[in-house]
Amino acid sequence: MKLDTSLLTGLPPFSRLDREQIRQILDDATSRRYEEGATIFQEGHDAERFYLLLDGYLRVIRTTPDGEQIIVLHISPGQLFGIAKALQRSTYPATAVAAAESIALSWPMRLWESYVAQYEGFATESYKTLGQRLGEIQTTLTEMATQAVEQRVAAVLLRMTNQSGQKTEEGIEIGFPVTRHNISDMTGTTLHTVSRLLSAWEKDGIVRSSRKHIVVTDPHALMLLSRPKG
DNA sequence: CCATTAAATGTAC
DNA sequence: GTACATTTAATGG
């Protein structure tokens, strides 16, 4: 399939490139669709390709030695992922799973160096998003270590609405399917506690939820809940 | 305050 | 009907 150059034109890693350069990059790329729940690549496997998410949402997961899954972060459309080379790694540091049906472009990892060398701004923009992710991971870890469960869950809901929120009549809806179990993986608690919190918040008119689907109807109230005390 | 256990109810395929 | 999501109560650290 011939891909349109408008797919990449506005995106940070390619923002300083002209149409012809983008055309070349797209001709190197493979486009693929992933079902909800499909694994794009696995932690520890050889990093053969790097990716750009065009549509959908991904969960990036790490598995602890005792088999527990931690959701490290989410990837939104327009972001590069699986860029192991930027981390000086030859294997993927985490597993990427499609949280919703998704479409991603990918390139052979050997092109990474050539893009970095050849295209102005590609490296700096990529490292910028990498740095932003590290910051996000760090604040998540700090929250996990210092804040109570209720505050962590509130913070995670807010982060997901910021990353993928879509306005509806009711409020802001998280743009991909999320289960209580997913949220418990993100916050280091249990699905039961998440269920109780969401039920309580629903009664207070802060959220509205159904199966795999959450709408935040009162973001300000959640913001207050994400802060200690209260 | 929160995890665990267990049981019941919903909901999608 | 099966499988999975969600809720709720009970119990204990």
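Per chain, numbering begins at 1; letters A, B, ... match sequence-line order. Only heavy atoms go into these numbers, but all of them, side chains included; no hydrogens, no water, no symmetry mates.
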Touch class at under 4.0 angstrom, heavy-atom based, for A:Ser199 against every strand present: sugar-phosphate
A:Arg196, nearest nucleotide to its side chain (from C:dA5, B:dC2, B:dT4): B:dT4
Ring geometry between A:Phe81 and A:Tyr51 (parallel below 30°, tilted from 30 to 60°, perpendicular above 60°): parallel
Distance-only polar pair, side chains of A:Arg19 and A:Thr5, donor-acceptor under 3.5 Å: yes
side-chain contact (heavy atoms from CB on, under 4.5 Å) between A:Trp112 and A:Ser126, intermediate numbers included: CA-CA 11 Å; A:Trp112 179 265; A:Ser126 301; 3.9 Å; yes
A:Arg211 side chain near C:dC4 phosphate (N/O to OP1/OP2, under 4.0 Å): no
Check: A:His192 side chain, C:dT6 base, donor-acceptor under 3.5 Å: no
Rounded interatomic separation in angstrom, taking CZ from A:Arg180 and C1' from B:dT4: 19 Å
N/O (side chain, A:Thr193) to phosphate O (OP1/OP2, B:dA3) under 4.0 Å: yes
Whole-Å distance separating the CG atom of A:Leu197 from the P atom of C:dT8: 13 Å
Interatomic distance where NZ belongs to A:Lys212 and P belongs to B:dC13 [whole Å]: 8 Å
Atom-pair distance (CD on A:Gln151; P on B:dC2), nearest Å: 8 Å
Value in whole Å for how far the P atom of C:dA5 lies from CD of A:Glu202: 19 Å
Distance, rounded to the nearest Å, where A:Ile214 contributes CD1 and C:dA5 contributes P: 13 Å
A:Lys167/A:Glu169 salt bridge by N-O under 4.0 Å criterion: no
Gap between atoms CG and P, on A:Leu198 and B:dG10 respectively (whole Å): 19 Å
Touch class at under 4.0 angstrom, heavy-atom based, for A:Leu191 against every strand present: base
Pair A:Glu125 + A:Lys128, salt bridge at N-O below 4.0 Å: yes
Touch class at under 4.0 angstrom, heavy-atom based, for A:Thr190 against every strand present: base
A:Arg152 CZ - B:dC1 C1' separation (whole Å): 11 Å
